[in-house]
Amino acid sequence: MTGFTPNEMMTIAASRALKNDDVCFVGIGAPSAACNVARLTHAPDITLIYESGTIGTAPDVLPLSIGDGELCDTAVTTVSVPEMFRYWLQGGRISIGFLGAAQLDKFGNINTTVIGDYAHPKTRLPGGGGAPEIATSSREIYITMAQSKRGMVEKIDFYTSFGHGEGGDHRKRLGIDTAGPTLLVTDLAIWKPDPETKEFTVVSLHPGATREMVQETCGWAVKFSPALEETPAPSELELATLRDLKARTDAAHKRDAAAAKRGSKDG
Amino acid sequence: MTGFTPNEMMTIAASRALKNDDVCFVGIGAPSAACNVARLTHAPDITLIYESGTIGTAPDVLPLSIGDGELCDTAVTTVSVPEMFRYWLQGGRISIGFLGAAQLDKFGNINTTVIGDYAHPKTRLPGGGGAPEIATSSREIYITMAQSKRGMVEKIDFYTSFGHGEGGDHRKRLGIDTAGPTLLVTDLAIWKPDPETKEFTVVSLHPGATREMVQETCGWAVKFSPALEETPAPSELELATLRDLKARTDAAHKRDAAAAKRGSKDG
Amino acid sequence: MAKFLPLAHAVAENLRDGDKVAFEGFTHLIPTAAAHEAIRQGFRNLTLIRMTPDLIYDQMVGMGMAKKLVFSYAGNPGVGLLRRVRDAVENGFPNALEIEEHSHAAMANAYEAGAAGLPCAVFRGYRGAELAKVNPNIKPITCPFTGEQLAAVPAVRPDVTFIHAQKANRRGDVLVEGIIGIQKEAVLAAKRAVVTVEEVVEDFDGLHPNLTILPRWTISAISIVPGGSHPSYAHGCYARDNAAYLEWDEIGADRDRFRAWMEENVMRAKPEDFAARVEGLRAGASLRSVA
Amino acid sequence: MAKFLPLAHAVAENLRDGDKVAFEGFTHLIPTAAAHEAIRQGFRNLTLIRMTPDLIYDQMVGMGMAKKLVFSYAGNPGVGLLRRVRDAVENGFPNALEIEEHSHAAMANAYEAGAAGLPCAVFRGYRGAELAKVNPNIKPITCPFTGEQLAAVPAVRPDVTFIHAQKANRRGDVLVEGIIGIQKEAVLAAKRAVVTVEEVVEDFDGLHPNLTILPRWTISAISIVPGGSHPSYAHGCYARDNAAYLEWDEIGADRDRFRAWMEENVMRAKPEDFAARVEGLRAGASLRSVA
């Protein structure tokens with residue numbers, strides 16, 4: 001199999017990390033695609049939970065928002081938002097919290113709040129949403145994002161959600177007993193935290209990616225594992241599954257858009 | 001209309017105190033009968049809530065327990081028990097909490113926990129159930145019970161739920177901002193708390209009842225209102241409604257009992 | 001992940017001597033069959049947790065299985081007292097019984113906190129109530145914004161919870177409907193959970209999206225026991241056997257009669273016997289249709 | 001007690017300048033028509049509360065109606081940023097906007113505490129998160145049993161909450177279904193509540209007993225506005241207008257274009273216009289049947 005984009009590789013590599021018995025709290029965007037590819041390939045029984053309250057959902061197309069009707073239509077059950085955050089997240093039922101990030105540092109701390117000073121921000125981002133508690137109540141955190149110097153920075157502007165803090169046993173020192181970020185999948189590589197320092201370390205380069213490419217698109221000095229591997233290329237099944245999902249999603253959104261337009265012209 | 005029992009008078013007098021727009025948290029037994037007579041006569045839109053989670057219920061027969069299926073069948077909605085106690089009771093949505101009592105004192109304090117010492121009780125009663133918080137979170141409390149020296153005592157053995165404590169502004173001193181017991185209906189009389197001392201005072205004698213009868217069946221020195229009234233006798237409608245309700249209830253329970261017996265013999 | 005097991009296996013695999021255990025049901029859907037199986041298997045030193053201990057806890061206490069009872073209303077609902085519990089509390093028969101007593105609001109909040117993974121529940125309760133003086137597990141806690149003093153109780157976290165429900169689907173998700181009580185919280189608060197069900201259906205397709213469903217990965221074992229909540233009821237399946245509750249008032253009042261009844265109706269009985277006990281009550285099942 | 005009123009009356013009777021107001025909806029059932037009516041009536045100095053401020057708060061902020069925003073995620077869901085909110089926060093245009101920012105868990109718990117009549121919510125949250133340092137309404141509270149330090153936030157108690165729902169019955173009880181979000185809590189936490197509904201039905205007979213229903217005595221006013229949550233969706237009625245969300249990203253980015261759009265689509269529009277906006281989206285309504 002040849003011909004796949006770095007973004008496709010990212011989604012597929014992330015999907016492979018998910019297991020059939022995982023209970024996954026799904027962030028929108030790249031995490032959502034990875035989780036659904038996992039469900040449609042090797043993890044058919046995975047439980048996908050979106051913060052809108054849908055538990056065990058199996059959407060046929062990717063939702064644009066975390067609360068699309070498709071998520072409820074296909075869910076095992078749909079609960080209220082307070083129940084979602086109390087019983088299911090805080091209750092310790094989530095094995096994997098899957099997050100994206102606007103800004104990320106090498107210890108897996110995430111900023112989605114502001115660029116610049118909090119009181120007088122240069123750019124006001126949407127904020128944390130569910131992330132601050134997903135980051136500490138899920139048993140593990142997976143992060144996925146495309147690499148860029150703007151996104152992967154030495155120092156984030158705001159600690160929206162806590163990863164490994166300053167590294168080492170910082171989580172433990174704060175009394176947080178969950179594992180925190182254990183995996184980062186980018187469009188170029190797979191990263192895992194160093195067992196001691198907790199700094200994200202590249203353990204596998206995607207096909208075609210080089211150490212230089214990884215460093216050039218990352219704002220901190222990148223560490224590479226001595227046992228660096230190459231990520232297996234997407235299988236035919238994986239790639240076909242992802243592309244079908246994206247095609248169904250695009251078609252559905254176009255159909256809806258056309259329908260909406262027709263509706264308002266009729267009106 | 002002649003020929004009614006003191007118990008019928010008690011239920012009917014209690015039912016008259018309920019208004020069409022009341023939201024009533026209903027204790028089982030005498031409160032349940034009074035609330036449903038109110039609903040079937042002058043207060044058709046009254047909202048009856050049982051602690052099992054049934055809101056706006058309209059049973060055709062009186063339930064034996066607070067969780068009979070009939071309550072759910074006829075309810076506007078049925079919620080979980082935590083929601084019942086958090087959103088509906090503690091949330092301040094209940095206008096009248098309607099309680100019975102094993103032991104009652106003149107300040108409307110109720111004991112349904114133990115006779116004797118708590119650690120080594122002479123008689124272990126069922127306990128408070130919902131009453132401790134019904135007594136303080138409902139906007140007002142109505143109490144109904146048949147009079148007896150054993151039941152209406154100078155000093156209760158255990159404060160299961162708080163009425164007016166030692167009287168006066170004792171509720172306010174504890175930071176409780178609800179009115180507490182505002183009405184006691186017995187089989188002989190209607191009692192209301194003195195505005196200052198909060199001691200229950202007889203304001204109306206049921207037809208045929210005398211001051212002496214009230215005092216003989218009460219363990220404290222009874223105060224009577226200077227403007228003592230006579231409770232109007234049950235109307236034909238009230239009495240017929242109550243008796244029909246009881247007859248339907250008895251018939252239903254006998255039918256069920258026969259069915260159950262037949263079932264287990266068949267089995 | 002839910003395994004379908006015969007009730008005897010499900011109980012043996014999930015209940016242990018000395019466990020904190022909840023057999024929950026708020027008048028409706030009481031897991032009688034599971035409790036009887038636990039009685040037959042003769043567990044000891046249990047801490048029995050339940051908002052409304054009724055016949056089944058009266059039976060377990062009377063059989064000497066309990067060292068402690070955590071509860072908020074220990075009565076025979078709509079009938080009166082629990083005679084075996086009284087005998088244990090008042091006379092230490094057949095053994096002394098430690099009690100931890102709460103209000104319904106406290107227990108409901110404590111289960112909720114257990115399901116929510118919190119160490120304690122915070123609510124406005126026990127104001128002026130004497131239980132706060134005799135139960136050291138009721139403590140004050142102050143709102144950091146208003147200064148109001150609220151009540152705190154420890155979260156309830158059973159080792160294992162047993163409930164009865166109307167339906168499981170073949171994947172092992174469980175549907176509870178009607179008076180849902182505290183069952184969802186009791187399951188989610190527990191380390192392990194066993195559910196007896198009236199029936200197993202292919203799937204829950206076509207059912208309303210907001211029903212009370214426990215996903216299969218919150219449950220340890222499911223056993224199919226039609227009639228398994230008799231003399232309680234299962235909404236949409238069979239009616240409450242009120243006569244049995246009235247009768248229990250007499251059976252439980254006498255130590256010997258209690259023992260004889262237990263011998264005949266529990267020790268020598270099987271889970272399969274429950275189906276026949278509700279046969280006559282099916283016609284009286286709730287009128288309101290449940291999907 | 002719920003009164004059926006035209007939307008303009010319902011808004012005028014229940015919203016006031018300076019109010020703390022929540023227009024709630026978690027992606028689903030967003031009360032757009034009610035928000036547009038509030039914009040037409042020109043309220044000022046509002047404290048806007050919502051977990052997920054989206055287009056309607058972007059519009060209200062852009063029209064200069066808000067002095068403060070209480071929120072946990074201020075984004076255009078699935079698309080990106082809210083341009084008018086950004087302009088207010090970054091540039092003070094059209095006026096400075098005070099913000100009180102929380103996490104979803106905190107806001108959900110704060111609404112829940114409001115519905116539960118508590119002064120504050122207690123949960124395990126904000127550990128290591130910097131919001132706890134910049135928001136004085138996040139305080140520590142200690143479990144009196146374990147010593148664990150938890151987080152407390154004040155209960156949310158809006159003066160008035162607006163929601164959109166699928167159905168009311170003639171008595172004024174309201175049914176919400178599908179993704180129910182935080183709507184029940186937002187209504188029960190508020191002093192007053194206004195509900196726009198897709199339709200009024202005779203009664204809810206035959207529906208499942210455990211559905212999310214708000215009894216008529218929890219609601220101040222009900223207005224019938226079919227399509228009233230466009231471009232959001234109403235489960236079982238019409239689909240989400242994703243294109244409108246994408247389009248908003250451009251409209252909101254430009255102050256003049258925003259004003260022109262508001263003039264045409266809000267100021268000169270009526271509640272009755274919403275029905276036509278969803279006509280083409282009805283075919284795409286959720287497949288799963290809802291009773």
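Below, chain A is the first sequence line, B the second, and so on; all start at residue 1.
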* Arg83(C)/Glu250(C) ion pair, N-O < 4.0 Å ->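 Between Glu250(C) and Arg83(C) there is no salt bridge, as every charged N stays at least 4.0 Å from the carboxylate O atoms.
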* Salt bridge or not for Glu133(B) and Arg127(C), using N-O below 4.0 Å? ->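 No, Glu133(B) and Arg127(C) are not salt-bridged.
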* Side-chain heavy atoms of Arg240(C) within contact of Asp68(B), under 4.5 Å ->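 Answer yes - side chains close enough.
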* **Flag side-chain contact, heavy atom, 4.5 Å: Val153(C) against Tyr126(C)** =>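 Yes, at least one pair of side-chain atoms sits under 4.5 Å.
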* **Residue selection (most heavy-atom pairs with chain C, distance under 4.5 Å) from Gly127(B), Pro132(B), Gly53(B), Ser52(B)** =>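 Highest number of pairs under 4.5 Å: Ser52(B).
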* Asked: Which one of Gly128(B), Ser161(B), Gly129(B), Gly130(B) has the most heavy-atom pairs closer than 4.5 Å to chain C?
  ->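 Top count of heavy-atom pairs under 4.5 Å with chain C: Gly129(B).
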* Heavy atoms under 4.5 Å from chain B: which residues of residues 100-109 of chain C carry them? -> Glu101(C), Ser103(C), His104(C), Ala105(C), Ala108(C), Asn109(C)
Non-hydrogen atoms of chain C under 4.5 Å away: do they reach the side chain of [X], the backbone, both or neither?
| X | value |
| --- | --- |
| Phe85(B) | side chain |
| Lys122(B) | backbone |
| Thr54(B) | side chain |
| Thr123(B) | both |
| Tyr118(B) | side chain |
| Val114(B) | neither |

* Among Leu131(C), Ile182(C), Val85(C), which residue forms the greatest number of heavy-atom pairs with chain B at distances under 4.5 Å? ->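 Looking at each of Leu131(C), Ile182(C), Val85(C) in turn, Leu131(C) comes out on top.
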* Picking from Phe26(C), Tyr245(C), Phe71(C), which has the most non-hydrogen pairs under 4.5 angstrom with chain B? -> Phe26(C)
* Asked: Centroid-to-centroid, Phe107(B) to His170(B), below 6.0 Å?
  -> no
* Asked: If you draw a 6.0 Å radius around CD in Glu166(B), do more than 12 non-hydrogen atoms from other residues or ligands fall strictly inside?
  -> no
Atom pairs and distances, donor-acceptor, side-chain atoms in residues 86-93 of chain C, under 3.5 Å, two or more places apart:
residue, atom, partner, partner atom, Å
Arg86(C), NE, Glu90(C), OE2, 2.6
Arg86(C), NH2, Glu90(C), OE1, 3.3
Arg86(C), NH2, Glu90(C), OE2, 3.3
Asp87(C), OD1, Asn91(C), ND2, 2.6
Asp87(C), OD1, Arg255(C), NH2, 2.8
Asp87(C), OD2, Arg84(C), NH1, 2.8
Asp87(C), OD2, Arg84(C), NH2, 3.4
Asp87(C), OD2, Arg255(C), NE, 2.6
Asp87(C), OD2, Arg255(C), NH2, 3.2
Glu90(C), OE2, Arg124(B), N, 2.7

Please output the side-chain donor-acceptor pairs of residues 88-99 of chain B that fall under 3.5 Å, not counting sequence neighbours, one pair per line with the distance.
residue, atom, partner, partner atom, Å
Trp88(B), NE1, Glu83(B), OE2, 2.9
Gln90(B), OE1, Arg124(C), N, 2.7
Gln90(B), NE2, Ala116(D), O, 2.8
Arg93(B), NH2, Leu188(D), O, 2.9
Ser95(B), OG, Asp22(B), OD1, 2.8
Ser95(B), OG, Val23(B), N, 2.9
Ser95(B), OG, Val23(B), O, 3.1

* Ring-face cation of Arg50(C) near Tyr57(C) (centre distance under 6.0 Å, axis angle within 45°) -> yes
* To do: List in chain and number order the residues that pass side-chain contact (heavy atoms from CB on, under 4.5 Å) with Arg150(B), two or more places apart in sequence or in another chain; answer none if no residue qualifies.
  => Ser148(B)
* Strictly by modelled atom types, are Glu279(C) and Tyr238(C) linked by a side-chain donor-acceptor pair under 3.5 Å? ->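 Short answer, no.
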